[in-house]
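Working notes, beginning with the structure itself.
Indexing begins at 1, ligand by ligand and atom by atom, following the structure's order. Nothing fancy with the numbering, it's 1 onward along the sequence.
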Amino acid sequence: MIPFVDLHTQYQRIKPEINAAVASVLESGRFVLGPEVVGFEKEFAAYCQARHAIGVNSGTSALHLALLAAGIGPGDEVITTSFTFVATVAAIRYTGARPVFVDIDPHSYTIDVRQIEGAVTKRTKAIIPVHLYGQPADMDALLDIARQHDLVVIEDAAQAHGALYKGRRVGSIGDLGCFSFYPGKNLGAYGEGGMVVTNNARYVHAVQLLRDWGAEHKYCHKIQGYNYRLEALQAAILRVKLRYLEEWTESRRSHAVRYDELLADSDVQTPVVMPYARHVYHVYAIRTAHRDSLQQALYDCGIQTGIHYPIPVHLQPAHADLGYRRGSLPHAEQAADEVLSLPMFAELTATQIEHVAASVRVASPSGVSV
Ligand SMILES: *Cc1c(COP(=O)(O)O)cnc(C)c1O
């Protein structure tokens, strides 16, 4: 069986360092925030070319607090994409603001910047581009619109640790950037974790207060806050893993090149890399009108795949009250029917990649089995 992701092999390779980091936290007796979290915040900020980073307990919490720190609340509208993990939209709704969806560019799968202007109203306060699959959204065009209309830009970089837009790290290009350290992400904890990064000092104190019960000093609650603190164990683990992130990202990128070569001139469409992007391949998604039968055929060959995502957020029952219908966002809807994510993780072997690609070719429409 070729798994979709393999966290076990990665752990085996870094086990002594991880186990030492865990033991050191257990010995320290500091389990929530504290020096490991501060150390990781400094190192992650530097990695993102950002001045500040604030550790939180998930990517969802990062998005929620970035929105609150930017002053978003009831009556406001936030423009985003429907072709994303549901957390992007949930975080907007937690604040009481209304998500407004713009369709995707069908090549990059990120928000279609040409359609943003048409969605801006008097109530619009922010835009959340999602760097989907590890490929940056077109930030320059988006920042231009944001400047014209005085909108805050919050990057959802949960899938894009280390991705570059015109040579700059994602997360530090907009006003605030949000990362997830869910285990399967490119930089993953052994549990939950997240980070808000920013170059703007005015947001830092707000996010720090909000993640820890709004308390400036112990038991003195300046504002209503949350228990969104990052754990020391996760921070210590993430500090070890951060040292390997570039190496792992380069492995993902070379696996993607190999998939591209092996699937060239096949019946599936390989990912389109935008000229401005360093894609970090959180997901390597191919595209075909025969997605479901291809997924089944690959499963029968012992290959696990994923679908990111089968139902765009505007068609989810949980968000039906927003009033969108099938047909509202045709490119997002078609992508949801056609994308298929192939196994992608740093430790994939050449033989595994060849087996996956050969199986895709055989199982595709002009091949023998479908
Ligand atoms: C994973 C993810 C999130 C949420 O992160 P969690 O750490 O799981 O809360 C948000 N947005 C996107 C695009 C994601 O992939």
query = Are Phe101 and Tyr324 near enough that their ring centres are under 6.0 Å apart?
reply = yes
key: Residues Lys166, Asp140: salt bridge by 4.0 Å N-O rule   = yes
Check: residues 53-63 side-chain donor-acceptor pairs under 3.5 Å, at least two apart:
residue: Asn57; atom: OD1; partner: Ser61; partner atom: OG; Å: 2.6
residue: Asn57; atom: ND2; partner: Asn227; partner atom: O; Å: 3.4
residue: Ser58; atom: OG; partner: Thr60; partner atom: N; Å: 3.3
residue: Ser58; atom: OG; partner: Ser61; partner atom: N; Å: 2.9
residue: Ser58; atom: OG; partner: Ser61; partner atom: OG; Å: 3.1

Pairs of nitrogen or oxygen atoms, one from ligand 1 and one from the protein, closer than 3.5 Å: please tabulate them with distances.
residue: ligand 1; atom: 5 (O); partner: Ser180; partner atom: OG; Å: 3.3
residue: ligand 1; atom: 7 (O); partner: Gly59; partner atom: N; Å: 2.8
residue: ligand 1; atom: 7 (O); partner: Ser180; partner atom: OG; Å: 2.6
residue: ligand 1; atom: 9 (O); partner: Gly59; partner atom: N; Å: 3.4
residue: ligand 1; atom: 9 (O); partner: Thr60; partner atom: N; Å: 2.9
residue: ligand 1; atom: 9 (O); partner: Thr60; partner atom: OG1; Å: 2.5
residue: ligand 1; atom: 11 (N); partner: Asp156; partner atom: OD1; Å: 3.3
residue: ligand 1; atom: 11 (N); partner: Asp156; partner atom: OD2; Å: 2.8
residue: ligand 1; atom: 15 (O); partner: Gln159; partner atom: NE2; Å: 2.8
residue: ligand 1; atom: 15 (O); partner: Lys185; partner atom: NZ; Å: 3.1

ask   = Do you know which of Thr288, Asp267, Ile286, Leu340 makes side chain to side chain contact (heavy atoms under 4.5 Å, CB included) with Val360?
value = Ile286
Aromatic ring proximity, centroids under 6.0 angstrom, Tyr259 and Tyr281 = no
key: Whether Trp248 and Tyr244 hold their rings parallel, tilted or perpendicular, with breakpoints at 30° and 60°   = parallel
